[in-house]
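This is the structure, below, for whatever I ask next.
Lettering of chains follows the sequences in order, A, B, ..., and the numbering in each one begins at 1.
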2 protein chains.
Amino acid sequence: MGATIRDVARLAGVSRGTVSRVLNDQPRVDPQTRVRVLQAIADLDFSPSMLARGLSIGRTHSVGVVVPFITRPSIVERLRGIEGALSTTPYDLIVFNVETRQRRDNVLRDLTRGERVDGIILVGLSPDDAMAASADRPGLPTVLIDSHHPRFSRVITNDVEGGRQAARHLVELGHRRIAFLGDTPPMAFTYPASRLRYRGVRMALRSAGLDLPDRYTIMRDPGRTRARELTRELLVGPMPPTAIICASDLQAIGAREAARDLGIAVPEQLSIIGYDDLDIAGYLGLTTIRQPLFESGVSGARLLLGQLSTGNRQPVREVLGIELIARSTTGPPPA
Amino acid sequence: MGATIRDVARLAGVSRGTVSRVLNDQPRVDPQTRVRVLQAIADLDFSPSMLARGLSIGRTHSVGVVVPFITRPSIVERLRGIEGALSTTPYDLIVFNVETRQRRDNVLRDLTRGERVDGIILVGLSPDDAMAASADRPGLPTVLIDSHHPRFSRVITNDVEGGRQAARHLVELGHRRIAFLGDTPPMAFTYPASRLRYRGVRMALRSAGLDLPDRYTIMRDPGRTRARELTRELLVGPMPPTAIICASDLQAIGAREAARDLGIAVPEQLSIIGYDDLDIAGYLGLTTIRQPLFESGVSGARLLLGQLSTGNRQPVREVLGIELIARSTTGPPPA
DNA sequence: TTGTAGGCGTTATCAC
DNA sequence: GTGATAACGCCTACAA
């Protein structure tokens, strides 16, 4: 199987150094010998060992992407963006799925030491200060997607603004009893998007002179099924809201499911707004806040590639736009 | 940043060899010195270079997973299974998304040569004979998920049987005009699941004395949107079917969408069956054929890990079960 | 039990 | 232009 550079050198009647030069397209090599070497390479079906090369030049040509809960469609979408941007480069994409703090710490430790990767992309994971410290000593180039830390380049959206837009949309439709269905961050160190969106909602309501009572504020476990249960409880209780803002499309789907269970018409009796604009939202006609998931992956990867090629590790903050997509789950409140 | 084994040795007052032995849990080392070494490792915050270790022992501790169209939910689900199985092992997961034949060839070439990975998992990609040949010379351990080749270990489901079950379900409900909406494999070398399911459908219909005319056989591009268009054409045409079997849940969703567009009630006027049982199918109440996507990833990874640890490369064929999940998009045909 | 030294497959720095 | 040769960081006989 493995022909080495040494075999090539022998067959071509040159030294290993020369073969290496040919391999790396270096100018100072005689056209004649270059041909001979290339021929030998072809004959032996040789291809260089990435491992050895990496050890020698100190780079691995791979980037580590750390994501929490690869389950979630929004995460997958971002991953796709990263993969797309990386696929045209010589960099491999190594995926790490972390679902516990323990595992996160292990992964990050391994990654920031042992020269396993040339750079890191953290998705939805906010580095703590200990980890941030490793960015000081010129450690691994690292970029954040959908999470924050002043020391790192990052691509984010304005979640507060997203919450605000959702709330304003409902207020303009005439709603006055608006609930928020979010989730607690699954792990301490994950990005608290839900909470920020909540904050935006509350701000918008307040400036419209409306209140967001505790009873209308539900933040528990994420996921469709749980959202369905929670919404049901809310809707069968006293003074149900006329609209619900959800922190994700999945939760919005669960909420709608609950409405259906109870025979409550959407949007005639209840308006629902999601967040993300997943593919499925279009099919379901879900009103939602679109955030550029795929594109965030592309941008993040580009940021990292930039650091990798220029060595410039100045933190950049890239803010991607969001947009309200009004479909058919929102309308005026019942008279 | 990078403390090396040499630094540890110096600090602990031992030789590099001893440090290495401690690192690899080799028995013949004095408990006392072991402690000293471990202390030094901790003090220096040292962790060994995977690159160097790999070069030395000839393994990379990573496996390459090649998938077509990481876009598709079913693929993602399988990927999750693989990741899950690998996460408890020292193996890293390197993802390659291939969407063109060109890219597939490049990836596979790189992968099977240059010692980049210790093993390969191909998802939904049927290796051609050229590639299969590389399995002869004891090349890289390779396993297939949702694709076939006698030379490789593989985990599959019986797609023909899946089609058959779907058709039988409808026949038993009383349908006689049944259509099939599948897709052509997106690339020549991808696994022709749709076609096999079609075959199963045809067989079941035939043995029920029913016909599957060309007009009821639609195989074009995959995807929800396209399925919606195609179904529409079918339904507005002469003698529309009373039931449609789709080769994927996504297509079934598109079909249902078309029915909705035309004001055709499901399942009263039209029955629809999907394939995969994605999460969303449950929400939509879609009748479908469930295949264990996540589990197929787990099994595939396990198969590969087995080969990696035992060296036994005897091809194994693991067939996972499928199951009809009857929900609310199928019912008796209109009277 | 521990130290020494050669080797894994490249690249890079010299001389020539 | 090209050929030696010393890294790169680790593992593993072989000695001691």
Using atom CG of Asn24(A) as one end and atom P of dA12(C) as the other, report the distance to the nearest whole Å.
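Asn24(A) atom CG is separated from dA12(C) atom P by 7 Å.
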
Axis-to-axis angle across the helix from dT1(C)-dA16(D) to dC16(C)-dG1(D), five pairs an end, to 10 degrees?
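The angle, to the nearest 10 degrees, is 40°.
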
Sequence neighbours excluded, which residues qualify as ring-ring contact (aromatic ring centres under 6.0 Å, His included) partners of Tyr91(B)?
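If we apply the ring-ring contact (aromatic ring centres under 6.0 Å, His included) test to Tyr91(B), skipping adjacent residues, the hits are His61(B).
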
Which residues share a side chain to side chain donor-acceptor pair (under 3.5 Å) with Asp43(A), sequence neighbours left out
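Residues passing side chain to side chain donor-acceptor pair (under 3.5 Å) with Asp43(A): Gln39(A).
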
Restricting to pairs with a member in residues 76-101 of chain B, which pass salt bridge (charged side-chain N to carboxylate O under 4.0 Å, His left out), not counting sequence neighbours?
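Every pair satisfying salt bridge (charged side-chain N to carboxylate O under 4.0 Å, His left out) with a residue in residues 76-101 of chain B: Arg103(A)-Glu83(B), Arg116(A)-Asp92(B), Glu77(B)-Arg80(B), Arg78(B)-Asp146(B).
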
Heavy-atom side-chain contact between Arg154(B) and Ile145(B) under 4.5 Å
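No. Closest side-chain heavy atoms not under 4.5 Å.
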
How close or far is atom P of dT12(D) from atom CG of Asp25(B), stated in whole angstroms?
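In whole Å, dT12(D) P lies 13 Å from Asp25(B) CG.
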
For Thr157(B), side-chain contact (heavy atoms from CB on, under 4.5 Å) partners two or more places apart
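Applying side-chain contact (heavy atoms from CB on, under 4.5 Å) to Thr157(B) gives Asp159(B), Gln291(B), Pro292(B), Leu320(B), Ile322(B).
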
Which listed nucleotide (dT12(D), dG9(D), dG9(C)) is nearest to the side chain of Ser20(B)?
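Taking heavy atoms from C-beta onward, the closest nucleotide is dT12(D).
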
Between dT2(C), dC10(D), dT10(C), spot the one nearest the side chain of Thr4(B), thanks.
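Of the options given, the side chain of Thr4(B) lies nearest dC10(D).
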
Set of residues satisfying ring-ring contact (aromatic ring centres under 6.0 Å, His included) with respect to Phe46(B), sequence neighbours excluded:
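If we apply the ring-ring contact (aromatic ring centres under 6.0 Å, His included) test to Phe46(B), skipping adjacent residues, there are no hits.
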
Expressed in angstrom and rounded to an integer, what is the separation of Arg6(B) atom CZ from dT4(C) atom C1'?
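My rounded result for the distance is 12 Å.
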
Nearest-nucleotide wise, let me know which of Thr33(A) and Arg16(A) is further upstream toward the 5' end of DNA chain D.
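Residue closer to the 5' terminus by nearest nucleotide: Thr33(A).
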
Which residues pass the salt bridge (charged side-chain N to carboxylate O under 4.0 Å, His left out) test with Asp105(B), not counting sequence neighbours?
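Expected list: none.
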
Tell me what Val19(B) touches on the nucleic acid: a base, only sugar-phosphate, or nothing, going by heavy atoms under 4.0 Å.
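No contact at all - Val19(B) keeps every heavy atom at 4.0 Å or more from the nucleic acid.
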
Would you list the pairs meeting ring-ring contact (aromatic ring centres under 6.0 Å, His included) in which at least one residue belongs to residues 2-26 of chain B, sequence neighbours left out?
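Matches after skipping sequence neighbours: none remain.
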
Met50(A) has an atom CE; how far is it from atom P of dT10(C), in whole Å?
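Spelled out: CE on Met50(A) to P on dT10(C) is 10 Å.
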
Whole Å only: how far is the CZ atom of Arg28(A) from the C1' atom of dA15(C)?
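The distance from CZ of Arg28(A) to C1' of dA15(C) comes to 16 Å, rounded to the nearest Å.
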
For atom CD1 of Ile5(A) and atom C1' of dT5(D), their distance in whole Å
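For the pair Ile5(A) CD1 and dT5(D) C1', the rounded distance is 14 Å.
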
Atom-to-atom span, CG of Leu51(A) to C1' of dC8(C) - whole angstrom:
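Distance check: Leu51(A) CG to dC8(C) C1' gives 9 Å.
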
Tell me which residues in residues 54-62 of chain A lie within less than 4.0 Å of DNA chain D, going by non-hydrogen atoms.
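Those residues whose heavy atoms fall under 4.0 Å from DNA chain D, taken from residues 54-62 of chain A in numerical order, are Leu55(A), Ser56(A).
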
Pick base, sugar-phosphate or nothing for Arg53(B), based on heavy-atom distances below 4.0 Å to the nucleic acid.
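Sugar-phosphate, no base atom in range.
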
Determine which pairs satisfy side chain to side chain donor-acceptor pair (under 3.5 Å) with at least one residue from residues 27-37 of chain A, sequence neighbours left out, and list them in order.
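Those involving residues 27-37 of chain A do not exist here.
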
Any chance you could measure Ile121(A), atom CD1, to Leu93(A), atom CG, to the nearest 0.5 Å?
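Reported value, rounded in 0.5 Å steps: 7.5 Å.
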
Quick check for you: among dT4(C), dT10(C), dT2(C), whose closest atom lies nearest to any side-chain atom of Ser15(B)?
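Comparing dT4(C), dT10(C), dT2(C) against the side chain of Ser15(B), the answer is dT4(C).
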
Counting only side-chain heavy atoms from C-beta out, which of dT10(C), dG3(D), dT1(C) sits nearest to Thr18(A)?
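Closest nucleotide among those given: dG3(D).
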
Taking only residues two or more places apart in sequence, or in another chain, which ones meet Arg72(B) in a side-chain contact (heavy atoms from CB on, under 4.5 Å)?
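Expected list: Phe69(B), Ser74(B), Ile75(B), Pro186(B), Pro222(B).
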
Is the shortest heavy-atom distance from the side chain of Val66(B) to the side chain of Val123(B) under 4.5 Å?
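Heavy-atom side-chain distance check fails, nothing below 4.5 Å.
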
For nucleotides 14-16 of chain D, give me every protein contact, N/O to N/O, under 3.5 Å, one pair per line with atom names.
none

What nucleotide, of dT11(C), dG9(C), dC10(D), holds the atom closest to the side chain of Leu23(A)?
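The closest nucleotide is dT11(C).
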
Determine the contact category for Gln26(B): base if any of its heavy atoms lies under 4.0 Å from a base atom, sugar-phosphate if only primed atoms, P, OP1 or OP2 are that close, otherwise nothing.
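Here Gln26(B) touches the backbone only, sparing every base.
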
Between Asp30(A) (CG) and dT2(D) (P), how many Å, whole number?
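In whole Å, dT2(D) P and Asp30(A) CG are 5 Å from each other.
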
